[in-house]
Amino acid sequence: MKILVCISHVPDTTSKINFIDGDTKFDTNGVQFVINPNDEFGLTRAMWFKEKQGASVDVVNIGGAETEPTLRKCLAIGADNAIRVNAEATDGFFVAKQLAKVAQDGEYDLIIAGRESIDYNGGMVPGMLAAILKTNFVNTCIGLEVEGTTATAIREIDGGKETLKTNLPLVIGGQKGLVEESDLKIPNMRGIMMARKKPLTVVDPVTADAETKAVSFEKPAPKGAVTLVAPDNLGELVRLLHNEAKVI
């Protein structure tokens, strides 16, 4: 089984976010980048298929040379090959078109993408990728087993879970629950050394127009000041809730 894992290069959630050029661009200065968490769950599940079923695992990213350390980390975790499409990830459709070309060229059986990236949270790419490839698609996936050419997937739905059976090739949008957080792999020294020798192929992008454009960014409004009320002063609490908070 050939598996392709789509990897987004995203800011660490602990990084301080700022915008430049009149709030039209994200300021990357001083920002630590990591593997998108939803993608990391998918990569870990792919490594399980590699260890248990002898699957081959490739990873792919759309981005410039600055994303290569993230791909190298994927190789250190255990991926066999890395592919970087040398283009700026302008929007979801553009990314899906690039991923589709890589998937078609590699003739993969299973394509694992994260449900969404934690930077733009668009959640569009996995579905558009499946539509372009004309393959089966399961989103919000929290469980996946493959036997031969048949996949059994569990996805999260409102109020519960749904179990589906489908045939390969398959695209999934994975998320937390696809593996346990305790199963996430940290590269060891041997993996890091081996990653240096594994192939990282850079390919040119295919022609695709961006369908959306970011006009501006803004940070959430700062939280208001907190008013503390003594626990024995219920009258003051009621007055504040009525006159200031206006919730009663």
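What you are looking at is a predicted structure, and each value in this text was computed from that prediction instead of being measured.
Within the 4.5 Å cutoff, no side-chain heavy atoms of Gln175 are placed close to those of Phe41. Counting only heavy atoms from C-beta outward, the side chains of Asn233 and Leu237 never approach each other to under 4.5 Å. The shortest side-chain heavy-atom distance between Val146 and Leu170 does not fall under the 4.5 Å cut-off. Residues Leu99 and Ile111 form no side-chain contact, since every pair of their non-hydrogen atoms from C-beta on lies 4.5 Å or further apart. Between Glu68 and Val202 there is a side-chain heavy-atom pair separated by less than 4.5 Å. In this structure, the side chains of Pro11 and Ile17 come closer than 4.5 Å at one or more pairs of heavy atoms. Using a 4.5 Å heavy-atom threshold, the side chains of Phe26 and Asp119 count as separate. For the pair Thr13/Ile118, a side-chain contact is recorded, criterion being any heavy-atom separation below 4.5 Å from C-beta on.
Hydrophobic clustering (side-chain heavy atoms under 4.5 Å, transitive across Ile, Leu, Val, Met, Phe, Trp, Tyr) keeps Val57 apart from Leu75. Met1 and Tyr108 fall into different hydrophobic clusters, where Ile, Leu, Val, Met, Phe, Trp and Tyr are joined by side-chain heavy atoms under 4.5 Å apart, directly or via other members. The hydrophobic clustering, which links ILVMFWY residues whose side-chain heavy atoms are closer than 4.5 Å, places Ile62 and Val203 together. Note on Val138 and Val171: separate hydrophobic clusters, where clusters join Ile, Leu, Val, Met, Phe, Trp and Tyr whose side-chain heavy atoms are under 4.5 Å apart, directly or indirectly. Under the 4.5 Å side-chain heavy-atom criterion for grouping Ile, Leu, Val, Met, Phe, Trp and Tyr, Phe49 is connected to Leu164 within one hydrophobic cluster.
Each of Ile154, Leu43, Ile142, Leu144 was compared with Leu178 under the side-chain contact (heavy atoms from CB on, under 4.5 Å) criterion, and only Leu144 meets it.
Residues in residues 132-151 take part in these salt bridge (charged side-chain N to carboxylate O under 4.0 Å, His left out) pairs, two or more places apart or across chains: Arg45-Glu145. Listed by first then second residue, pairs satisfying side-chain hydrogen bond (donor to acceptor under 3.5 Å, both in side chains) with a partner in residues 72-81 read Lys50-Asp80, Asp58-Asn81, not counting sequence neighbours. Residue pairs meeting the side-chain hydrogen bond (donor to acceptor under 3.5 Å, both in side chains) criterion with at least one member in residues 15-36, sequence neighbours excluded: Asn18-Lys219, Asp27-Asn29, Asn36-Asp39. Screening residues 87-109 for salt bridge (charged side-chain N to carboxylate O under 4.0 Å, His left out) gives Lys101-Asp105 as the qualifying pairs, with residues at least two apart or on separate chains. Residue pairs meeting the salt bridge (charged side-chain N to carboxylate O under 4.0 Å, His left out) criterion with at least one partner in residues 238-247, sequence neighbours excluded, are Glu236-Arg239.
Remark: Lys198 NZ to Cys74 SG distance equals 10.5 Å, nearest 0.5 Å. One finds the CZ atom of Phe94 at 8.5 Å from the OG1 atom of Thr207 (value rounded to the nearest 0.5 Å). Of the inter-residue distances, the one linking Ile172 atom CD1 with Leu110 atom CG reads 6.0 Å to the nearest 0.5 angstrom. Separation of atoms OG (Ser56) and CG (Leu4) is listed at 10.0 Å; rounding is to 0.5 Å. In this structure, Asn188 CG and Met194 CE are separated by 9.5 Å, a value rounded to the nearest 0.5 Å. To the nearest 0.5 Å, atom OG of residue Ser8 and atom CD of residue Glu40 are 12.5 Å apart.
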Inset, instruction - Go through Val34 and Val10 one step at a time and tell me if the side-chain contact (heavy atoms from CB on, under 4.5 Å) criterion holds. - result: CA-CA 6 Å; Val34 298; Val10 300; 4.0 Å; yes
Inset, instruction - Could you go through the side-chain contact (heavy atoms from CB on, under 4.5 Å) check for Thr140 and Ile157 one step at a time? - result: CA-CA 8 Å; Thr140 61; Ile157 59 174; 5.6 Å; no
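Glu162 pairs by the salt bridge (charged side-chain N to carboxylate O under 4.0 Å, His left out) definition with Arg155, not counting sequence neighbours.
Smallest separation of non-hydrogen atoms from Ile112 and Gly42: CG2-CA, 3.5 Å. Closest approach of Ala82 and Leu71 over heavy atoms only: CB-CB, 4.2 Å. Scanning both residues, Asn38 and Gly114, for their nearest heavy atoms gives CB-CA, 3.7 Å. Looking at every heavy atom in both residues, Pro126 comes nearest to Phe137 through CB-CE1, 3.6 Å. Nearest heavy-atom pair across Trp48 and Gln53 is CZ3-NE2, 4.0 Å. Looking at every heavy atom in both residues, Ala151 comes nearest to Leu168 through CB-CD2, 4.2 Å.
Crowding of Ile248 atom CD1: a count of heavy atoms from other residues, nucleotides or ligands under 6.0 Å exceeding 12. Atom CD of Glu51 sits in a crowded spot, with more than 12 heavy atoms from other residues, nucleotides or ligands closer than 6.0 Å.
Ring geometry for His9 against Phe33 counts as parallel: the plane angle stays under 30°, on a 0 to 90° scale with 60° as the upper cut.
Lys165 and Thr152 share a side-chain donor-acceptor pair at under 3.5 Å.
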